[in-house]
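Just below is one structure, and these are the notes that go with it.
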Amino acid sequence: MEIEPYTEVTLTADRKVVAELRGVSKSFGDVLAASDLNLSIGEGEFLSFLGPSGCGKTTALRMLAGFEVPSEGQVLLDGDVVNDLDAHDRPVNMVFQQYALFPHMTVAQNIGYGLRQIRPRIPKLQIAERVSRALEVVRLGGFEDRKIWEMSGGQQQRVALARAIINEPKLLLLDEPMAALDRKLRKEMQIELQDLQRQLGITFVLVTHDQEEALSMSDRICVMRDGRIVQIGSPQELYDRPNSRYVADFVGTSNFFNGKLQGSPEGMSTVLLDNGMQVQGMAGDGLVDHQDVCISVRPEQMKLGHQGDGVEVKVHNRIFLGEHTEYLVSHQTLGDFLVLAPRQADLTEGAFAVGDTAAVSWEATAALILDRN
Amino acid sequence: MTQRARNWLLLAPAGIWFLVMLIIPLTVVFIFSFGERAPSGGVVLALTVEQYANLPARWAAFKNTMTLAPIGTLSALLIAYPLAYFLAVKADPRWKTILLVLVIVPFWTSILIRSYAWIFLLGGRGIPALLEWVGIEGLRLINTPFAVLVGIIYGYLPLMVFPIFVSLDKLDKRLLEASSDLGAKPWKTFLQVTLPLSIPGIATGCMLVFILLMGEYLIPALLGGGKVFFVGNALVDLFLQSRNWAYGSAVAVTLVVVMLIIVTIYMRLISRLGANREDVSIM
Ligand SMILES: Nc1ncnc2c1ncn2[C@@H]1O[C@H](COP(=O)(O)OP(=O)(O)OP(=O)(O)O)[C@@H](O)[C@H]1O
Ligand SMILES: [Mg+2]
C-alpha cells in the first residue's frame with residue numbers, strides 16, 4: 001500500500017470560500033470552550049465537526065450562527081468579518097438539536113417564518129408556494145396545516161430542515177440533528193441529508209460525536225479536542241493519515257504500541273517499542289528526534305498467519321462478522337490487540353479457534369508513527 | 001361497594017364544598033333578592049321585583065366597578081408584564097428567586113396597613129406637597145379614582161406577575177434563538193414568539209385580578225374616601241349599615257350575573273385565540 005506523506009488538506013482551488021474562522025477563541029468565564037480555531041469552509045462543501053462531548057463543537061457552530069461572539073479572532077462570511085453581525089442579519093440558518101419548532105404555529109407557519117421576516121414583504125401566495133415546495137423537498141408534501149405536536153420526531157426534524165433550507169442560506173448549520181432519532185431513522189436521514197445537500201448545493205456544517213456519521217456523510221471532517229482543532233481532512237485522509245493517536249483512535253479503530261523514535265523522523269523510521277522490539281513505520285508530521293511515540297496499526301492491516309515471521313500471539317476471542325472475522329489476540333509483552341481477517345483469508349488459510357497460537361504481521365507502511373497524545 | 005358508589009363517595013367532599021360554599025348561599029341571596037326590607041332591618045320574604053327596579057339608584061357603584069376593574073386589570077398587566085419579563089428572561093438566575101420573593105414581600109403585611117401608607121403618600125402631606133415644592137400646586141390625589149387605581153395596581157400586581165412569570169420562565173430560550181436565526185429582529189421575536197407563548201399566563205393573571213377586583217371594597221373605601229365606591233362598598237353599606245338585605249341581595253345577584261357574562265365572553269375569546277394551540281388553556 002502506497003501512502004504519501006501527510007500534508008494538511010486545504011481546499012481545492014476552484015472552491016470559493018464561504019466562511020472562515022481566523023484564530024477564533026471563545027471563553028466562558030474561565031472555561032476555554034474554543035481555542036485558536038482556523039478553518040475555511042468551501043462553497044457547497046459538507047463539513048463536520050467531530051469530537052467527544054464538551055470539546056467545543058456547539059460553541060464553534062454558534063459562533064458561525066451569530067449566537068456567540070468570539071472572545072478573540074474573526075469570523076468571516078463571504079470574505080467579510082461578521083463578528084458584530086447579529087444572528088438575524090446573517091445569511092446562515094441552523095437546525096437545532098431539539099428542533100426548536102414554534103409550538104404555536106402550524107407546520108406551514110413554521111417553515112414560512114424566515115420568509116415572513118423579509119422586507120419588502122414577499123406576497124403571501126408566493127410564501128405558501130415556496131413552503132409547499134420545501135415540504136416536498138423533505139418529503140412531507142400535504143402536511144402544511146398539521147400542528148407541530150402532531151408530528152413524529154422524524155417528521156419534526158424534516159420540518160426543522162425545511163424551515164432552514166427555504167431561506168437558501170449561505171451556510172446550513174446542523175447541531176447533532178440526528179441525536180434524537182432511533183438508529184434506523186438516523187441512517188435514513190443521513191442518506192436523505194446527503195442527497196439534499198447535493199441537490200441544493202448548500203454548504204452544510206454538521207456537528208456530531210458519532211464518527212460513523214461523520215465518516216459517511218462529510219467531504220471533510222474537523223476533529224476537535226478540548227476546544228482545539230486537531231486535524232482537518234477528508235474521511236480517507238483522517239483514516240489513513242491521522243496526525244495523532246487521538247485522531248487514529250477517534251476515527252476508526254486501531255492498535256497502539258508505545259515506543260521511542262530512533263533517530264530522526266523522516267519517512268520510514270525505526271521505533272524501539274517499550275518491550276524491546278524494533279519496528280519500522282511511517283513517521284507522521286511534527287515529530288522530533290527520540291520522541292516518545294506510539295505505533296498505530298489498523299486491525300484490517302494486520303495479517304494473521306500460522307507460522308513464519310511476525311509476533312507470536314494466542315487467540316483470545318473470535319467474532320464472526322460475515323465478511324470479516326474479528327480476532328482478539330494477546331501477545332506476551334505487547335498485550336491484547338485486534339486483528340480483522342477477511343473471510344477470504346479464513347477460507348484459504350483456515351480460520352483460527354480460541355486458544356490457537358498464531359503469528360501476526362503487518363507491512364511497515366501500514367504502521368504509523370504518531371504522537372502519543 | 002360498587003364502582004358507582006365509590007365514585008360518588010370520592011366526589012362527596014367536592015360536592016359538599018360546592019353545596020355549602022356556593023349553592024346554598026347563592027340560593028339564599030337569590031331568594032332574598034325578591035323579598036322586602038323588614039321594618040327593623042333584615043328581610044321579609046316576598047315575591048316582588050321592587051328591589052331590582054331600584055337598581056339604578058346604585059348605578060354609580062356599578063359604573064365605578066365596571067370601569068375601574070378593567071382599567072385596573074389592564075394597568076396591572078402593563079406594569080406586570082415587563083416586570084415578569086425581566087425576572088424570567090433577563091435577570092441573572094442567581095437573583096431570580098430573591099427578586100421573585102421581593103415581589104410578594106408586600107403580601108406579608110395586611111392590605112389595610114399598606115393602604116394607609118398610600119393614604120399618607122397620596123394625601124395632602126405626601127406627593128402633592130412634594131409637587132407643590134417644585135411648583136405644581138393644587139393637585140388633589142387622595143379620594144379620587146386615580147388614588148383607587150393606584151391602590152388596585154399596587155395591591156394586585158403580584159397576582160398578575162406570577163402567572164406571567166411562570167409562562168415566560170418555562171419558555172424555551174432556543175425558540176428565541178431560532179426566531180433570530182430565521183431573521184427576526186428582537187422586537188419581532190417578542191411579538192411573534194414570546195408574546196403569543198405567554199398568553200396563557202396573561203389570561204390567567206387577568207382573570208384572577210379581574211374577578212377579585214369586581215368584589216373589591218377595602219381599597220375604594222380607604223383611598224376613595226366614600227367618593228369612589230364599588231359595588232362591594234354598596235353591599236357593605238346595604239347589609240351592615242342600612243340593613244336592607246333584600247335590596248343588598250338584588251345588588252349582589254346582579255353583580256354575580258354581570259361577572260358571569262363577562263367571564264363567559266372572556267373565556268370564549270381566549271379559547272378562540274388559542275383554538276389551534278395545545279399549550280393554551282385557561283387556568
Ligand atoms: N454558555 C456557556 N457558559 C459556560 N460554559 C459553557 C457555555 N457553553 C458551553 N460551555 C462550556 O464550553 C465547553 C464546550 O461546550 P460545547 O457545548 O461547545 O461542547 P460540545 O462539543 O458541543 O459538547 P456536546 O457534544 O456535549 O454537545 C464545555 O466545557 C461547556 O461546559
Ligand atoms: Mg453540543
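A, B, ... follow the sequence lines: proteins, then strands. Residue 1 opens every chain. This structure is a prediction, so every number in the text was calculated from the model and none was measured.
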* Do B/M214 and B/V258 come within less than 4.5 Å of each other through their side chains, counting heavy atoms only? -> yes
* **Interchain contact, B/D181 with chain A, by part (heavy-atom threshold 4.5 Å)** => both
* To do: Could you tell me whether A/K16 and A/D78 have a side-chain N and a carboxylate O separated by less than 4.0 Å?
  => yes
* Under 4.5 Å between any side-chain heavy atoms of A/R158 and A/M151, yes or no? -> no
* Pair B/F190 + B/Y85: ring centers closer than 6.0 Å -> yes
* **Residues in residues 84-98 of chain A that sit under 4.5 Å from chain B, counting heavy atoms only** => A/A87, A/H88, A/D89, A/V92, A/N93, A/M94, A/F96, A/Q98
* To do: Enter the distance from B/L121:CG to B/S115:OG here, rounded to the nearest 0.5 Å.
  => 11.5 Å
* Asked: If you count the non-hydrogen atoms of other residues, nucleotides and ligands that lie under 6.0 Å from NZ in B/K63, is the total more than 12?
  -> no
* Structure fact -> Ranked by heavy-atom pairs below 4.5 Å to chain A, first place among B/L175, B/T189, B/D172, B/V193 goes to B/L175
* Asked: Has B/K173 got more than 12 heavy atoms of other residues, nucleotides or ligands less than 6.0 Å from its NZ?
  -> yes
* **Atom group of A/L173 that falls short of 4.5 Å from chain B, counting heavy atoms** => neither
* **Side chain to side chain, B/P196 and A/F102, heavy atoms closer than 4.5 Å** => no
* Examine distances only and state if a side-chain atom of A/Q197 and a backbone atom of A/G44 form a donor-acceptor pair shorter than 3.5 Å. => yes
* Using heavy atoms and a sub-4.5 Å threshold, report which of residues 117-132 of chain A line up against chain B, by residue number. => A/Q117, A/R119
* Would you check, one step at a time, whether the test ring pair (Phe, Tyr, Trp, His ring centres under 6.0 Å) holds for B/Y217 with B/F230? => CA-CA 6 Å; B/Y217 77 95; B/F230 275 29; over 10 Å; no
* Structure fact -> Under 4.5 Å to a heavy atom of chain B? For A/R163 that would be both
* **A/Y113 vs B/S179 side-chain heavy atoms within contact, under 4.5 Å** => yes
